[in-house]
Q: 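Quick one: structure below, then a few questions.
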Amino acid sequence: MTVVAPPGAVTGIASPPRRGRRAGGPTGLPSLVALVLLAAAWELTAFLSGGWVPSIGAILGSLPGVVTDPATLSNAGITLYRIAIAFVGATVIGSVLGIAMGYNRIVEAFFRPIVVIALAVPDPVYVIFAILVLGTEESSGIVALTLAVVPFAVTVVHSGVRARDVQLDELARVYRFSPLQYVTQVLVRQVAPALLVAARTSFAFSWKIVVLVEAMSQPLGIGSQIYTAFRLLRYDDMVATALVFIVVMRVVDALLLGTAERRALAWTRR
């Protein structure tokens with residue numbers, strides 16, 4: 001009788017893992033433990049603060065009122081509008097400037113010190129400077145947001161362009177690619193991961209800085225609502241409002257940017 005050995009038994013090469021199994025093992029338990037420890041640390045802080053830090057129970061009790069409050073919906077719409085403008089502006093400007101710096105050494109030499117200095121400037125400085133120059137108008141916040149986020153997008157895109165395969169550029173010249181063919185077939189496919197990282201970075205910084213700007217200078221918006229709750233000593237409402245907006249931002253990031261990333265990088269999985 002012939003005995004057939006299982007794959008890998010004779011050659012010493014292990015069989016490939018079955019599809020659907022992760023080599024790193026389950027990750028749900030560590031995440032659950034981290035959340036439990038975070039909740040315990042929050043409760044301990046609330047107990048030691050003597051009531052200044054709201055407990056988890058108080059925050060959960062405030063959530064229904066915050067979610068059903070018409071002001072929350074109105075302020076969220078205003079904040080999302082500001083985030084969209086700052087996000088699009090910072091991503092477009094940062095991507096164009098990053099690509100130009102990656103392809104042209106003169107442009108890189110000119111803008112590199114400016115970008116380095118801009119990265120070192122704290123975000124509130126942009127807000128204060130914009131208010132001093134433009135006043136407390138809506139445009140001042142948007143300008144401050146764009147100035148604060150652009151350097152991060154420039155850095156990410158510039159690094160991606162510099163890391164591209166130069167031999168593909170030479171190949172495109174040999175085969176006489178048109179500018180459109182080069183951009184779509186060579187440049188975009190190589191720089192797409194960097195562009196997506198820049199977009200996600202711009203989005204993450206945009207909504208955080210928008211909330212900061214609103215808390216400092218704007219009468220409407222989620223940031224203003226959070227600051228008003230803080231000023232009135234309603235700390236449970238303050239934390240509940242922040243949690244609701246964080247969840248909304250995570251959903252927007254997963255639905256829009258996550259979907260765009262999967263579609264843009266689908267060709268790498270073929």
Q: Excluding sequence neighbours, so at least two apart, what forms salt bridge (charged side-chain N to carboxylate O under 4.0 Å, His left out) with D253?
A: R200, R250
Q: So if you build clusters from Ile, Leu, Val, Met, Phe, Trp, Tyr with side-chain heavy-atom gaps below 4.5 Å, do I131 and I142 land together?
A: no
Q: Could you tell me whether the side chain of W42 reaches within less than 4.5 Å of the side chain of I59, counting heavy atoms only?
A: yes
Q: Does M238 belong to the same Ile/Leu/Val/Met/Phe/Trp/Tyr cluster as I246, with side-chain heavy atoms less than 4.5 Å apart forming each link?
A: yes
Q: Decide if atom CZ of F177 counts as having more than 12 heavy atoms of other residues, nucleotides or ligands within a radius under 6.0 Å.
A: yes
Q: Among all residues two or more places apart in sequence or in another chain, which pass the side chain to side chain contact (heavy atoms under 4.5 Å, CB included) test with T45?
A: V53
Q: Using the test side-chain hydrogen bond (donor to acceptor under 3.5 Å, both in side chains), find all partners of T79 that sit at least two apart in sequence or belong to another chain.
A: E214
Q: Partners of R162 by salt bridge (charged side-chain N to carboxylate O under 4.0 Å, His left out), sequence neighbours excluded?
A: none
Q: Please test F203 against M249 for side chain to side chain contact (heavy atoms under 4.5 Å, CB included), starting from the C-alpha separation and ending with a verdict.
A: CA-CA 9 Å; F203 181 76; M249 291 297 96; 3.9 Å; yes
Q: Mark yes or no for whether S62, through its side chain, and A58, through its backbone, hold a donor-acceptor pair below 3.5 Å.
A: yes
Q: Is the shortest heavy-atom distance from the side chain of L145 to the side chain of S206 under 4.5 Å?
A: no
Q: Please confirm whether the backbone N or O of I222 pairs with a side-chain atom of N75, one donor and one acceptor, at under 3.5 Å?
A: no
Q: For the hydrophobic clusters of this structure (ILVMFWY residues joined by side-chain heavy atoms under 4.5 Å, transitively), does one cluster hold both V213 and L132?
A: yes
Q: By the rule that ILVMFWY residues connect when side-chain heavy atoms come within less than 4.5 angstrom, directly or transitively, which residues belong alongside L180?
A: none
Q: May I ask you to list the residues sharing a hydrophobic cluster with I78, side-chain cutoff 4.5 Å, ordered by chain and number?
A: L220
Q: Working note: F129 + V121, criterion side chain to side chain contact (heavy atoms under 4.5 Å, CB included); need CA distance, chi angles, decisive distance, verdict.
A: CA-CA 11 Å; F129 184 76; V121 176; over 6 Å; no
Q: For residues 40-67, which residue pairs pass the salt bridge (charged side-chain N to carboxylate O under 4.0 Å, His left out) check, not counting sequence neighbours?
A: none
Q: Under 4.5 Å between side-chain heavy atoms, hopping through other hydrophobics if needed: is there a path connecting V248 to Y81?
A: no
Q: Under a 3.5 Å distance rule, please check whether S55 uses its side chain to pair with a backbone N or O of A46 as donor and acceptor.
A: no
Q: Is F47 isolated, or which residues cluster with it under the ILVMFWY side-chain rule of less than 4.5 Å, directly or via members?
A: L44, L48
Q: Does T146 form a side chain to side chain contact (heavy atoms under 4.5 Å, CB included) with Y126? I'd like the steps, not just the answer.
A: CA-CA 9 Å; T146 305; Y126 288 109; over 6 Å; no
Q: Could you give all pairs that pass the salt bridge (charged side-chain N to carboxylate O under 4.0 Å, His left out) test and reach residues 224-247, with sequence neighbours left out?
A: R234-D237
Q: May I ask you to test the F245-T241 pair for a side-chain heavy-atom distance under 4.5 Å?
A: no
Q: Show which side-chain atoms of residues 148-159 pair as donor or acceptor with protein atoms under 3.5 Å away, not counting sequence neighbours.
A:
from, atom 1, to, atom 2, distance (Å)
T155, OG1, P151, O, 2.8
H158, NE2, E108, OE2, 3.0
S159, OG, T155, O, 2.9

Q: Please determine whether the number of non-hydrogen atoms from other residues, nucleotides or ligands lying under 6.0 Å from atom OH of Y103 exceeds 12.
A: yes
Q: Do I226 and L233 land in one hydrophobic cluster if side-chain heavy atoms of ILVMFWY residues count as linked below 4.5 Å?
A: yes
Q: Is I106 atom CD1 crowded by more than 12 heavy atoms from other residues, nucleotides or ligands, each under 6.0 Å away?
A: no
Q: Which pair of non-hydrogen atoms, one from L212 and one from P124, has the smallest distance, and what is that distance?
A: CD2-CG, 4.1 Å
Q: Does any N or O in the side chain of W52 come within less than 3.5 Å of the main-chain N or O of Y235, such that one atom is a donor and the other an acceptor?
A: no
Q: Which residues pass the side chain to side chain contact (heavy atoms under 4.5 Å, CB included) test with V88, not counting sequence neighbours?
A: V92
Q: Going by side chain to side chain contact (heavy atoms under 4.5 Å, CB included), name the residues that satisfy it together with V67, two or more places apart in sequence or in a different chain.
A: V244
